[in-house]
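Structure, as structure tokens:
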Amino acid sequence: MRLRHKPWAKDKLAEYPQYVPEKPEDLIGKWQTRFAKEQPIHLEVGSGKGKFIVEMAAAHPEINYISMELQTSVIISVLELQIEAQLPNLQIVNADGRDLSQYFSPGELDRVYLNFSDPWPKKRHEKRRLTSSDFLKQYQIILKPKGEIHFKTDNQGLFEFSLASMSEYGMFFKQVWLDLHRSCYEGNIMTEYEEKFSSRGSRIYRLEAAFRD
């Protein structure tokens with residue numbers, strides 16, 4: 001993704017501490033205090049411009065959502081959507097998701113969303129894929145028992161890798177879609193990438209997987 005540098009973005013994020021905590025690492029084990037109500041917490045790792053996470057938060061007020069994105073020039077778009085929506089169940093984290101244990105305590109979350117993650121197609125970059133075993137271990141720690149991962153991609157290779165990686169890790173699949181937009185799945189909220197890829201006729205793959213006790 002080609003990014004347009006926005007030198008003002010960091011200062012804009014700092015203007016809204018009610019939505020963007022200045023030191024998210026200080027909230028380990030305390031994320032419920034950031035929301036209006038104590039309820040299940042879902043995390044999206046790599047939120048992009050935020051269409052998915054903002055619409056999910058609006059559609060499901062019974063869930064608390066955290067948007068995590070490394071690129072400041074991208075996550076500013078999430079903040080702009082949140083300023084307009086003012087959702088009490090959405091928090092924004094401008095941070096690197098490679099070490100989630102820096103930000104969340106064991107069992108603090110209920111679900112992790114991975115949407116259109118970088119496929120890192122070269123074999124030598126396999127460990128960078130967000131569904132590799134190193135990342136799965138992190139998710140298992142921060143998720144409650146039987147916590148779920150919901151994953152979507154247009155990349156068949158990454159999807160096949162993810163199925164194998166999760167299976168080898170001992171996870172079980174609640175559901176798998178090989179062509180989401182031609183299925184009977186209801187309530188799908190699309191990301192910006194999903195809209196673009198599906199409009200070109202690309203197949204969208206989706207899975208819901210959970211960790212065993």
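Quick caveat: nothing in here was measured; it's all calculated off a predicted structure.
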For this session: Quick one: do Gln86 and Gln82 satisfy side chain to side chain donor-acceptor pair (under 3.5 Å)? Show the steps, please.
Result: CA-CA 5 Å; Gln86 297 185 35; Gln82 171 63 327; over 6 Å; no

For this session: May I ask whether Leu43 and Leu130 are part of the same hydrophobic cluster, defined by side-chain heavy atoms of I, L, V, M, F, W, Y residues being less than 4.5 angstrom apart, directly or through others?
Result: yes

Exercise. Does the Ser183 side chain pair with the main chain of Leu180, one donor and one acceptor, at a distance under 3.5 Å?
Worked result: yes

Problem set entry | Which residues share a salt bridge (Lys or Arg N to Asp or Glu O under 4.0 Å) with Lys51, sequence neighbours left out | Glu55, Glu195

Exercise. Is Tyr205 linked to Val45 within one hydrophobic cluster, defined over Ile, Leu, Val, Met, Phe, Trp and Tyr using a side-chain heavy-atom separation of less than 4.5 Å?
Worked result: yes

For this session: Indicate yes or no: at least one non-hydrogen side-chain atom of Ser198 is less than 4.5 angstrom from one of His181.
Result: yes

Problem set entry | Given Thr191, Thr153, Asp154, the one that forms side chain to side chain contact (heavy atoms under 4.5 Å, CB included) with Phe197 | Asp154

Exercise. With a 4.5 Å heavy-atom cut-off, do Tyr65 and Glu44 have their side chains touching?
Worked result: no

Exercise. Roughly how far, to the nearest 0.5 Å, is the OG1 atom of Thr131 from the CE atom of Met171?
Worked result: 10.0 Å

For this session: State plainly whether one hydrophobic cluster holds both Phe35 and Met56, where clusters connect Ile, Leu, Val, Met, Phe, Trp and Tyr through side-chain heavy atoms under 4.5 angstrom apart.
Result: no

Exercise. Can you list the steps and then say if Ile204 with Phe116 is a side chain to side chain contact (heavy atoms under 4.5 Å, CB included)?
Worked result: CA-CA 10 Å; Ile204 305 301; Phe116 298 88; 4.0 Å; yes

For this session: Check the angle between the aromatic planes of Trp177 and Tyr185 and answer parallel, tilted or perpendicular using the 30° and 60° thresholds.
Result: perpendicular

Exercise. Measuring from Gln156:CD to Ser202:OG, what's the distance to the nearest 0.5 Å?
Worked result: 11.5 Å

Exercise. Looking only at heavy atoms, which two atoms of Ala57 and Leu87 are closest? And how far apart?
Worked result: CB-CD1, 3.7 Å

For this session: Determine whether Pro88 and Arg34 make a side-chain contact, defined as any pair of heavy atoms from C-beta on separated by less than 4.5 Å.
Result: no

Exercise. To the nearest 0.5 Å, what is the distance between OG (Ser132) and CH2 (Trp120)?
Worked result: 12.0 Å

Exercise. Atom OG in Ser73, atom NZ in Lys49: separation rounded to 0.5 Å?
Worked result: 11.0 Å

Exercise. Has Arg129 got its NZ or CZ under 6.0 Å from the middle of the six-membered ring of Phe135, at an angle within 45 degrees of the ring axis?
Worked result: no

Exercise. Quick one: do Tyr103 and Leu143 end up in the same hydrophobic cluster if we chain Ile, Leu, Val, Met, Phe, Trp and Tyr together by side-chain heavy atoms under 4.5 Å apart?
Worked result: yes

For this session: For residues Asn64 and Leu90, determine if any side-chain heavy atom of one lies less than 4.5 Å from a side-chain heavy atom of the other.
Result: no

Exercise. Should Phe151 and Leu158 be marked as a side chain to side chain contact (heavy atoms under 4.5 Å, CB included) after you check the CA-CA gap, both sets of side-chain angles, and the distance that decides it?
Worked result: CA-CA 11 Å; Phe151 172 72; Leu158 178 60; 3.8 Å; yes

Problem set entry | Whether over 12 other heavy atoms sit under 6.0 Å from Glu84 CD | no

Exercise. Is Ile92 close to Glu69 at the side-chain level, that is, under 4.5 Å between some pair of heavy atoms?
Worked result: no

Please output the side-chain donor-acceptor pairs of residues 104-112 that fall under 3.5 Å, not counting sequence neighbours, one pair per line with the distance.
{"from": "Ser105", "atom 1": "OG", "to": "Glu108", "atom 2": "OE1", "distance (Å)": "3.1"}
{"from": "Glu108", "atom 1": "OE1", "to": "Gly29", "atom 2": "N", "distance (Å)": "3.0"}
{"from": "Glu108", "atom 1": "OE1", "to": "Ser105", "atom 2": "N", "distance (Å)": "2.9"}
{"from": "Glu108", "atom 1": "OE2", "to": "Gly29", "atom 2": "N", "distance (Å)": "3.2"}
{"from": "Glu108", "atom 1": "OE2", "to": "Lys30", "atom 2": "N", "distance (Å)": "3.2"}
{"from": "Glu108", "atom 1": "OE2", "to": "Trp31", "atom 2": "N", "distance (Å)": "3.0"}
{"from": "Asp110", "atom 1": "OD1", "to": "Ile41", "atom 2": "N", "distance (Å)": "3.0"}
{"from": "Arg111", "atom 1": "NH1", "to": "Tyr113", "atom 2": "OH", "distance (Å)": "3.2"}
{"from": "Arg111", "atom 1": "NH2", "to": "Glu148", "atom 2": "OE1", "distance (Å)": "3.4"}

Seminar exercise, completed: Heavy atoms of Ile53 and Ser47 approach each other most closely as CG2-OG, 4.4 Å

For this session: For the pair Asn89 (side chain) and His60 (backbone), establish whether a donor and an acceptor sit closer than 3.5 Å, ignoring hydrogens and angles.
Result: yes

For this session: Looking only at non-hydrogen atoms, find the nearest pair between Gly48 and Val78 and report the distance.
Result: O-CG2, 3.4 Å

Exercise. Considering residues at least two apart in sequence or located in another chain, which fulfil the side chain to side chain donor-acceptor pair (under 3.5 Å) criterion with Ser101?
Worked result: Asp99

Exercise. How long is the gap from CG on Leu13 to CD1 on Ile76, to the nearest 0.5 Å?
Worked result: 4.0 Å

For this session: Report the residues that fulfil side-chain contact (heavy atoms from CB on, under 4.5 Å) with Leu70, sequence neighbours left out, ordered by chain and then residue number.
Result: Asp96

Problem set entry | Test log, rule side chain to side chain contact (heavy atoms under 4.5 Å, CB included), inputs Ser77 and Lys6 | CA-CA 11 Å; Ser77 298; Lys6 300 176 181 178; 4.1 Å; yes

Exercise. Among all residues two or more places apart in sequence or in another chain, which pass the side-chain contact (heavy atoms from CB on, under 4.5 Å) test with Ser167?
Worked result: Phe173

Exercise. Which heavy atom in Leu27 sits nearest to a heavy atom in Pro21, and how many Å separate them?
Worked result: CD1-CB, 3.7 Å

Problem set entry | Residue pair Ile149 / Leu136, side-chain heavy-atom distance below 4.5 Å | yes

Exercise. Which is it for Phe159 and Leu178 under the side chain to side chain contact (heavy atoms under 4.5 Å, CB included) test, yes or no, and what are the steps along the way?
Worked result: CA-CA 9 Å; Phe159 193 71; Leu178 299 179; 3.8 Å; yes

Exercise. So do the side chains of Leu100 and Met68 get within less than 4.5 Å of each other, counting heavy atoms only?
Worked result: yes

Exercise. Between CD of Glu25 and CD of Gln102, what distance do you get to the nearest 0.5 Å?
Worked result: 7.5 Å

For this session: Carefully, step by step, assess Glu126 and Lys123 under the rule salt bridge (charged side-chain N to carboxylate O under 4.0 Å, His left out).
Result: CA-CA 5 Å; Glu126 183 176 297; Lys123 179 68 175 178; 2.7 Å; yes

For this session: State, without any angle test, whether Gln140 and Tyr169 hold a side-chain donor-acceptor pair at a distance under 3.5 Å.
Result: yes

For this session: Spell out, as yes or no, whether a donor-acceptor pair under 3.5 Å connects the side chain of Gln39 to the backbone of Pro61.
Result: yes

Problem set entry | Of Arg206, Lys152, Arg203, the residue whose pairing with Glu194 passes salt bridge (charged side-chain N to carboxylate O under 4.0 Å, His left out) | Lys152

Problem set entry | Side-chain heavy atoms of Leu79 within contact of Tyr16, under 4.5 Å | yes

For this session: Output all residues satisfying side chain to side chain donor-acceptor pair (under 3.5 Å) with Thr72, sequence neighbours left out; order by chain, then residue number.
Result: Asn94

For this session: Answer with yes or no whether the hydrophobic clustering places Leu81 together with Ile83; edges join I, L, V, M, F, W, Y residues whose side-chain heavy atoms lie under 4.5 Å apart.
Result: yes

